[in-house]
Amino acid sequence: MSDYIPQEIEPKWQQKWEADGLYHADIDPSRPKHYALTMLPYPSGDLHIGHWYAMTPSDARARFMRMKGYNVMFPIGFDAFGLPAENAAIKDGIHPKIRTYQNIERMRKQLRSMGAMWDWRREAISSDPEYYKWTQWFFIQLFKHGLAYRKLAPVDFCPKCNTTLAREQVWGEDRHCERCGTPVIKRELEQWFFKTTAYAEDLLNYEGMDWPERVRVLQTNWIGRSEGAEVTFITEAGDPIVVFTTRPDTLWGATFMVLAPEHPLVDKLTTPEQRAEVEAYKLQAARQSDIDREAADKEKTGVFTGGYAINPVNDERIPVWIADYVLMTYGTGAIMAVPAHDERDFAFARKYGLKVVPVIQPEGEPLLNGDTMEAAYVGPGRMINSGPMDGTYVSGKGHNDPGMQKVIAWLEERGLGKKAVSYKLRDWLISRQRYWGAPIPMIFCRTCGWNPVPEADLPVLLPEDVEWRPTGESPLKLHPTWKNTTCPVCGGPAERETDTMDTFMCSSWYHLRYLSPWYHQGPFDPKEYDYWMPVDTYTGGIEHATMHLIYTRFFHKACRDMGITKGREPMIQLRNQGMVLGEDGEKMSKSRGNVVAPDDLVAKYGADTVRAYLMFFARWELGAPWSYTGIEGVARWLRRVWTIISEPAKPAICSDETKRILRRRVHQTLRRVTRDFEQFEFNTIVSSLMELLNEMSKAKEAGASGTPEWNEAVDIYLRMLAPVCPHIAEELWERTGRTYSVHTQSWPSVDEEAAREEQIVIPIQVNGKLRDRIVVSADATEEEIRAAALASEVVQKFTQGQPPKKVIIAQKKLVNVVV
RNA sequence: GCCGAAGUGGCGGAACUGGCAGACGCGCGCGACUCAAAAUCGCGAGGGCUUAGCGCCCGUGUGGGUUCGACUCCCACCUUCGGCACCA
């Protein structure tokens, strides 16, 4: 018998599996398909332990599904565009393309060392022209269907680096530049948007999706649906001001209006006397960084415009103010202020001495008085001071409330307002004033405006000879010739869009490119699509709940409506892993010096040990701190697996009892491991395998090795081990004289008869406290169990010869005697 | 402030539908092997009391409740973590 040397067997098998195409997944209509997907990695240059933690259990699950008889596709690729490569380039001058492809090369090797069942033929890299050609093509389809549009929007700008920044490059409470630490400022730029808001309602529907509740809640909050009404006020000059409110029932209590400082009607409303003050306030609000506006407990400020509007329900003349607590980006950028029933409006009214009129009276309370109220009343009650609506009961919010329905119907009849829904979700800003991304395939012509690049001319190649050092402009704009082109409509001279796309655009459809990265007639081969889609199991970090996972759902739905994809959703089942922390319990970081390097672990223990430890040491969805001593325990277990299974049998006599117990344990473990794989409970899979090995070790001591029962135990053990530790399972499979490969074997089925216990131990409680245990035959009747329990000496001691008040027999699990 | 998740030995965690709390592993202690150590193997262990015989009491963040029986269900609270944050 030789020693277990993973460093020898692992590369050997990896090469053989690859040479044999063992993990190639091809269309096979005769078998059920399973598309297993793990979130595609960014090529940062080194595979982090977090990648291992995310990917190896996904791989194990995919392998399990394969053994269960599914035709499993498990692809991999790289999210290769993006800021880190460009920032590194700015620092050390290495071209982002060179660095990215070097990193990819390195990470491919590291990914191979996992021994995962990737089908490398399906690899897709988002920065390949053959990939981003289709990213651009999708942009054009969205544009053609009115789902991509251009508008002026603020961006973060670093005055020191002289460049615009993406949201994720702005850090900390003071919102500073991630590179130089300078606080960022706002700048207005014309940019491209996707109409994610058009899908807000559809995105709230999770029907048929097996997604964690947590993610659904995060997305639901992010989309932020509120029901209410839009009501039109008219200024004294006759201009309509539309407001959105969730409380149309409080309309009679609207005693002033507030516009966002950027609201287009502000100038017109402002009287000459107020002009100077209004202008000063607008300027101050524009200069304010987001953080100032975000502080919720900040004292409210505002300025009277001098203008008035008419409250349409009672013809009251009410003043119009501007204040930065009203956001131009939500609702209509204007509100009706009901100080008696809204905390913010109340604070504002008290500060500036504005009128407070209660219109909702809580039942059974003294009548509210607008002059003496100390806080806004936001609860349910009966409408008062509300003319025709007086006496109507309203509960608060939502279209379902009958009072609310009555008010909205009344408004609609008179053309004063209408039922409306508002969302916090904003349209997706996809323009980046950056170099290392897919160029936005649009052309601007002075006479014809914006038009897409003809599809035959795709891809719009990203030029390599570009000055990427920051100047405050998009790097592509500074290229001497690149942007010059001709208008696809009139043929005259025109300019290309010089911004690039947000990389979330690339990752919104990579699961489709994996289907057929070799395909040239479209983004994917429809035959592959029809067989493999949707993704059956998607795994990745929770941090993408409100970014990638919303974008990719939007993308799929938009494509469905454009006739490109099918089905409601791209990913049916989602599971999130947690995070591996440093040994100190803190997030891993170079500065803390607590980073765990998987390459070193693989060199020391082998990939199988690393894989098994990562599945064993924590609940997958929670994660836990790393432990260098913990991994030793798993290494010890695999050495024992090796020894116990490959060590030759010693001739010995084995009792039938030993053999029976061995079979029972094997099939009981199989039952549990099967269930745990189905439920993503990887930690108990490993611990069950450890327990079974302990049982096998005892059985072997008792002479079981060499028996058919032992042979079956080894057979099932290696099949259960194969998804977790593919190399050692394959090696032992071969060494025990079995035919290649363990990974093409089917998952064993449980022999329920063998798994059945013959005798069961039943705990006996007296008054709910454990007092004794009895052993009965597994098919004992309830009466037999009762008799045995009452016959127990310990129970006798408690009953003192008296008949018990009650005897509870819980299936065959427990007896509780109540005296 | 609002929304969500989680609190179990020295540590990571286990406990299926309300039925023996602490599986498995780490660490720890004792023992075997060894000149010795490492490796390996075996045994022990939640805390406390104990007349040392078994036994008894306490114990899953805290306090209540439901139940024959609660880590599990309900109510209130505390702590930690995550998300959102003037969203009208």
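So you know, we letter chains A, B, ... as the sequences are listed, proteins then strands, and number each from 1.
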Nearest-Å distance for atom pair [atom1]/[atom2], residues [X] and [N]:
X: A:Met690; N: B:G13; atom1: CE; atom2: P; answer: 15 Å
X: A:Tyr613; N: B:C24; atom1: OH; atom2: C1'; answer: 13 Å
X: A:Glu632; N: B:G25; atom1: CD; atom2: P; answer: 15 Å
X: A:Trp626; N: B:G13; atom1: CH2; atom2: C1'; answer: 16 Å
X: A:Leu327; N: B:A85; atom1: CG; atom2: C1'; answer: 11 Å
X: A:Tyr605; N: B:C26; atom1: OH; atom2: P; answer: 12 Å
X: A:Asn816; N: B:G18; atom1: CG; atom2: P; answer: 18 Å
X: A:Trp321; N: B:C86; atom1: CH2; atom2: P; answer: 21 Å

Salt bridge present between A:Arg786 and A:Glu783 (N-O < 4.0 angstrom):
yes
[N] and [M]: how far apart are their [atom1] atoms, nearest whole angstrom?
N: B:G63; M: B:C68; atom1: P; value: 23 Å
N: B:G42; M: B:G25; atom1: P; value: 11 Å
N: B:C3; M: B:C24; atom1: C1'; value: 36 Å
N: B:G18; M: B:U66; atom1: C1'; value: 11 Å
N: B:G7; M: B:U62; atom1: C1'; value: 11 Å
N: B:G4; M: B:C56; atom1: P; value: 45 Å
N: B:C16; M: B:C73; atom1: P; value: 11 Å
N: B:C33; M: B:U40; atom1: C1'; value: 9 Å

Which string of ( ) [ ] | and . matches RNA chain B, if you list each base 5' to 3' and count Watson-Crick or G-U pairs only when both distances are under 3.5 Å?
(((((((..(((......[....))).(((((.......))))).((((.....))))..(((((..]....))))))))))))....
What orientation do A:Tyr551 and A:Phe504 show, parallel under 30°, tilted 30 to 60°, or perpendicular over 60°?
tilted
Check the orientation of A:Tyr352 and A:Phe348. Use parallel for under 30°, tilted for 30 to 60°, and perpendicular for over 60°.
tilted
A:Trp637-A:Tyr613 aromatic ring centre distance below 6.0 Å
no
With ring centroids as reference points, do A:Tyr53 and A:Phe617 lie under 6.0 angstrom apart?
yes
Can you find a side chain N or O atom of [X] that sits less than 4.0 Å from OP1 or OP2 on [N]?
X: A:Asn683; N: B:C24; result: no
X: A:Arg636; N: B:C26; result: yes
X: A:Arg639; N: B:A39; result: no

With heavy atoms under 4.0 Å as the rule, sort [X] into base, sugar-phosphate or nothing.
X: A:Gly302; value: nothing
X: A:Ser226; value: sugar-phosphate
X: A:Ile808; value: base
X: A:Asp345; value: nothing

As a test of reading the structure: which of [options] is closest to the side chain of [X], going by heavy atoms?
X: A:Glu691; options: B:C84, B:C86, B:C24; answer: B:C24
X: A:Ser687; options: B:A23, B:C20, B:G12; answer: B:A23
X: A:Thr684; options: B:A14, B:C84, B:C68; answer: B:A14
X: A:Thr629; options: B:C24, B:C26, B:A88; answer: B:C26

Taking all atoms of both residues into account, what is the closest heavy-atom pair of A:Arg672 and A:Ser688, and its distance?
CG-OG, 3.6 Å
Short heteroatom pairs, N/O only, protein and nucleotides 45-53 of chain B, under 3.5 Å:
none

Is it true that a side-chain atom of [X] and a backbone atom of [Y] form a donor plus acceptor pair closer than 3.5 Å?
X: A:Asp345; Y: A:Ala340; result: no
X: A:Gln668; Y: A:Ala755; result: yes
X: A:Arg611; Y: A:Val724; result: yes
X: A:Asp608; Y: A:Ile728; result: yes
X: A:Ser687; Y: A:Phe616; result: no

For B:G53, does the glycosidic angle fall within 90° of 0 (syn) or outside that (anti)?
syn
If the glycosidic angle is within 90 degrees of 0 it's syn, otherwise anti, so just tell me which one B:G4 is.
anti
5'-most contact on RNA chain B (nearest-nucleotide basis), A:Leu218 vs A:Gly333, goes to A:Leu218
Using heavy atoms to find the nearest nucleotide of RNA chain B for A:Arg771 and A:Gln765 separately, return the residue whose nucleotide is more 5′.
A:Gln765
Which value, rounded to the nearest 0.5 Å, describes the distance between A:Thr609 atom OG1 and A:Leu638 atom CG?
4.5 Å
Roughly how far, to the nearest 0.5 Å, is OG1 of A:Thr56 from CG of A:Leu614?
5.0 Å
On a plain distance test, is the side chain of A:Lys300 in donor-acceptor contact with the base of B:C86 below 3.5 Å?
yes
Please determine whether the number of non-hydrogen atoms from other residues, nucleotides or ligands lying under 6.0 Å from atom NZ of A:Lys587 exceeds 12.
no
Could you go through nucleotides 3-9 of chain B and list every protein N or O atom that sits under 3.5 Å from one of its N or O atoms, giving the distance for each pair?
residue: B:C3; atom: O2'; partner: A:Asn221; partner atom: ND2; Å: 3.4

Check A:Arg639, A:Arg640, A:Lys700 against A:Glu647 for a salt bridge (charged side-chain N to carboxylate O under 4.0 Å, His left out) and give me the one that passes.
A:Lys700
